[in-house]
Number of protein chains: 2
Amino acid sequence: MGKAEAAAAGSGRGAGTPDGAVRERLLKSATDLFTRKGYAGTTVREIVAAAKVTKPVLYYYFRNKEGIYLELMKEGFSRFDSLVGASLEAPGSAAEKILRFCARSFELFLDRIGVARVMYSIYYGPPQGAPFFDFDAYHFKFQEAIRRLVEEGIRNGEFRKGDAGDMTWAIVGAVNVAMEIQLCHPEVGLGKEGLDRVLDVIFAGIAAEGRKGTRKGGRR
Amino acid sequence: MGKAEAAAAGSGRGAGTPDGAVRERLLKSATDLFTRKGYAGTTVREIVAAAKVTKPVLYYYFRNKEGIYLELMKEGFSRFDSLVGASLEAPGSAAEKILRFCARSFELFLDRIGVARVMYSIYYGPPQGAPFFDFDAYHFKFQEAIRRLVEEGIRNGEFRKGDAGDMTWAIVGAVNVAMEIQLCHPEVGLGKEGLDRVLDVIFAGIAAEGRKGTRKGGRR
DNA sequence: GTCTATATTGAGATAGAC
DNA sequence: GTCTATCTCAATATAGAC
């Protein structure tokens, strides 16, 4: 048995690990390193070393460093895309749909929180030479989905008449803050249940009965 | 007269520029460059060149690169500190105080939006060797101020009985999203008025009258 | 002192054997 | 699919002329 063969067997099949695990290990290593050291600060060598494979393996599965980065981004967002479609067409009241859509989005976020950290780092951080990825498009897509549901709720009398845009912002703000707290302070994170409760607050309002509206005597 | 002193004096007064302007120019240059190229990616040489002064001038006003960075952070937050104190003790209903506090905070944010970009970049971005600054402490301070006011509102019957924490998150989320949109998409930013309206939505709720609460039939 | 030419390094990427 | 060995290229460091 040659040296290469031995190494190949040992790293994958030989140890009882399924073939696909190599690809997954690379994605995980890349996520960890991009998070800790940034895109530019991470070298291909480090990624493959952490995944316990050699360099050509990375180039085999992904075209190059940009490729593995884009794959990370796309994987998360493709699942989000299905979510949007499913949630809009689901049965139930507008409020139920909104709650379900937000909960599912938040679950997806938690499931891919490592990738989310990389996204935030790229989006807000300094230029790092990472290839362009249209994060804004997805934020917009999220917001538009909520807005549609809010408008639906207003139409069918479920929600009060008011500016759908403003209502949308309130909901987006809640989801946003739940995600960001989870990102930075997982130990005090709202969690799925917390997000649910905050959304409930937004639906119901904070003001005591009979005191709706703080300045303009109610509706605008 | 020492070398640094001479440079400090010479660059300002001689050209008829008020003394303080040099310091301000340096802070502005640093903000711009830190935003565009990150902390690590910005050199002291670039900062002084952009401010049209020489290197010793920077070292005269601020000890070093870390010094000018920390000064940027502190200037914004010291104004915020006064805000917190003033807003909590101001007269008016809890809702009024919350609205005023959020509006003032948002105005301060707009006024220092360049510095805010640097903060986001450092906070979410990859390690850049910037000296530690406790951003979390200020986020916490903001949240606690809101929470106090919410609790006050609940106590005096202005707000409905409910989880003050959840109500606080809803409000913080709205302010947060207003700030972040302004940061990333100033052209569609809510602005001060938009934030006001969204907060109003949170106070009043989204649900139509008689339909408050989406699952538990109202209060919890 | 400053400038330019030449190492040296370390990065991403590839060729070809197995 | 994976390996070893090698390539290209840009940034940085250094040496030596001026």
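Residue numbers start from 1 in every chain, and the chains themselves are labelled A, B, ... in the order their sequence lines are given, proteins ahead of strands.
Residues R147(A) and E151(A) are paired through a salt bridge, judged by an N-O separation under 4.0 Å between the basic side chain and the carboxylate.
Within the structure, salt bridge (charged side-chain N to carboxylate O under 4.0 Å, His left out) pairs that include any residue of residues 39-49 of chain A comprise K37(A)-E46(A) (at least two apart or interchain). Each ring-ring contact (aromatic ring centres under 6.0 Å, His included) pair with one or both residues in residues 82-116 of chain A, not counting sequence neighbours, appears once here: F101(A)-F142(A).
Atom P of nucleotide dG12(C) and atom OH of Y60(A) are separated by 22 Å, given to the nearest angstrom. Computed from coordinates, the F62(A) CZ to dT2(D) P distance equals 11 Å when rounded to whole Å. Rounding to whole angstrom units, CD1 of residue I68(A) and P of dG12(C) are separated by 12 Å. Atom P of nucleotide dG12(C) and atom CG of L26(A) are separated by 14 Å, given to the nearest angstrom. Between the NZ atom of K55(A) and the P atom of dC3(D) there is a distance of 13 Å, given to the nearest Å. Taking atom CG of L58(A) as the reference point, atom C1' of dA11(C) lies 14 Å away to the nearest angstrom.
Residues satisfying the side chain to side chain donor-acceptor pair (under 3.5 Å) test with Y69(A), not counting sequence neighbours, are none. Applying the side chain to side chain donor-acceptor pair (under 3.5 Å) criterion to E71(B), with sequence neighbours excluded, gives R23(B). The ring-ring contact (aromatic ring centres under 6.0 Å, His included) check on Y138(A) picks up F77(A), with sequence neighbours excluded.
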Please table the atom pairs, donor to acceptor, closer than 3.5 Å between any side-chain atom in residues 111-119 of chain B and protein atoms at least two apart or in another chain.
{"from": "D111(B)", "atom 1": "OD2", "to": "R79(B)", "atom 2": "NH1", "distance (Å)": "2.9"}
{"from": "R117(B)", "atom 1": "NE", "to": "L183(B)", "atom 2": "O", "distance (Å)": "3.4"}
{"from": "R117(B)", "atom 1": "NH2", "to": "L183(B)", "atom 2": "O", "distance (Å)": "3.1"}

Ignoring hydrogens and angles, write down the donor-acceptor pairs under 3.5 Å from the side chains of residues 185-194 of chain B, residues two or more places apart or on other chains.
{"from": "H185(B)", "atom 1": "ND1", "to": "E187(B)", "atom 2": "OE2", "distance (Å)": "3.3"}
{"from": "H185(B)", "atom 1": "NE2", "to": "D136(A)", "atom 2": "OD1", "distance (Å)": "2.9"}
{"from": "H185(B)", "atom 1": "NE2", "to": "D136(A)", "atom 2": "OD2", "distance (Å)": "3.2"}

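Residues P126(B) and S121(A) come closest through the heavy atom pair CD-OG, 3.5 Å.
Here the nucleotide nearest the side chain of Y59(A), chosen from dT4(D), dG12(C), dG1(D), is dG12(C). When the nucleotides dT2(D), dC3(D), dG12(C) are ranked by their closest atom to the side chain of V22(A), dT2(D) comes out on top. Listed nucleotides dT4(D), dG1(D), dG12(C) differ in distance to Y61(A); the shortest reach to its side chain belongs to dG1(D).
Within residues 36-47 of chain A, the residues having any heavy atom closer than 4.0 Å to DNA chain C are, in order of number, T42(A), T43(A), V44(A), R45(A).
Dashed line: the shortest gap from a side-chain N or O of N64(A) to OP1 or OP2 of dG12(C) is not under 4.0 Å. Between T54(A) and dT2(D), a side-chain N or O to OP1/OP2 separation shorter than 4.0 Å is absent.
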What nitrogen or oxygen pairs link the protein and nucleotides 11-14 of chain D at under 3.5 Å?
none

